[in-house]
Amino acid sequence: VQLVESGGGLVQPGGSLKLSCAVSGFTLDDYSIGWFRQAPGKERDGVSYISSSDGSTHYADFAKGRFTISRDNAENTVYLQMNSLKPEDTAVYYCARSPDPFPKVRSQYHYWGQGTQVTVSS
């Protein structure tokens with residue numbers, strides 16, 4: 001099982017980034033995939049997840065209206081489109097896999113990628 005994030009970088013406030021989570025070793029739509037982020041000195045927080053049950057998408061309040069999670073089963077990839085980025089979005093972003101259909105908490109995720117750095121700064 002592998003999850004590999006990419007797409008992070010430096011972007012100005014108000015800009016956009018699209019993160020990718022390429023998975024291997026399992027069938028993507030058999031699992032829920034979540035995005036988390038961790039800023040320096042802070043806890044790792046949930047950003048969004050896409051459900052294995054029905055493909056529904058779920059977002060933290062700070063992500064609603066700005067971030068969009070999507071899944072491409074043919075490419076074995078989950079994406080996180082981030083728009084209207086703010087300096088407080090600066091963090092390392094991780095994707096993770098859960099066997100649960102609606103995994104709301106970090107402990108429900110058992111496999112993690114290595115993370116990709118997102119820096120929002122002028």
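For the side-chain hydrogen bond (donor to acceptor under 3.5 Å, both in side chains) with Y93, the lone residue among Q117, Q38, R37 that qualifies is R37.
Other residues, nucleotides and ligands place more than 12 heavy atoms under 6.0 Å from the OH atom of Y59. Residue-environment remark: CD (E88) exceeds the threshold of 12 foreign heavy atoms within 6.0 Å.
In this structure, the side chains of H58 and S48 stay at 4.5 Å or more apart for every pair of heavy atoms. A 4.5 Å side-chain heavy-atom check between L28 and V78 finds at least one atom pair inside the cut-off. Using a 4.5 Å heavy-atom cutoff, the side chains of Y79 and C21 are not in contact. Two residues are said to be in side-chain contact when any heavy atoms from C-beta on lie closer than 4.5 Å; F62 and F67 meet this criterion. Side-chain contact between S121 and L10 is present, with at least one heavy-atom pair separated by less than 4.5 Å. Counting heavy atoms from C-beta outward, M82 and V118 have side chains that approach closer than 4.5 Å. Here the side chains of I69 and W35 are in contact, with some heavy-atom distance below 4.5 Å. Inter-residue side-chain proximity for S6 and T116 is flagged as unmet; no heavy-atom pair is nearer than 4.5 Å.
Under the side chain to side chain contact (heavy atoms under 4.5 Å, CB included) criterion, Y109 pairs with F36, Y49, A96, S98, P103, W112, sequence neighbours left out. Every residue meeting the side-chain hydrogen bond (donor to acceptor under 3.5 Å, both in side chains) condition with R66, not counting sequence neighbours, appears here in chain and number order: D89.
Of all the heavy atoms in S52 and P101, the pair that sits closest is OG-CA, 3.6 Å.
Put simply, NE2 on H110 and OH on Y31 are 10.5 Å apart, with the number rounded to the nearest 0.5 Å. Atom CG of L17 sits about 9.5 Å away from atom CG of L80, to the nearest 0.5 Å. A distance of 9.0 Å separates OG1 of T27 from CG of N73, quoted to the nearest 0.5 Å. S24 contributes atom OG, which lies 4.5 Å from atom CD of Q2 (distance to the nearest 0.5 angstrom).
Within the structure, the disulfide (SG to SG under 2.5 Å) test picks out no pair touching residues 34-85 (sequence neighbours left out).
At least one donor-acceptor pair under 3.5 Å links the side chain of S51 to the backbone N or O of S53. Under a 3.5 Å cut-off, the side chain of Q114 and the backbone N or O of E5 do form a donor-acceptor pair. For T119 (side chain) and T90 (main-chain N/O), no donor-acceptor pair under 3.5 Å exists by modelled atom type.
Relative to the six-membered ring of F26, R97 meets both conditions, a distance below 6.0 Å and an angle of at most 45° to the axis.
When hydrophobic clusters are built by joining Ile, Leu, Val, Met, Phe, Trp and Tyr residues whose side-chain heavy atoms come closer than 4.5 Å, directly or via intermediates, L19 is not grouped with Y94. Grouping the Ile, Leu, Val, Met, Phe, Trp and Tyr side chains by contacts below 4.5 angstrom, directly or via other members, places I50 with Y111.
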Note to self: Test side chain to side chain donor-acceptor pair (under 3.5 Å) on D72 and T77; report intermediate values, then the result.
What the structure shows: CA-CA 5 Å; D72 186 332; T77 302; over 6 Å; no
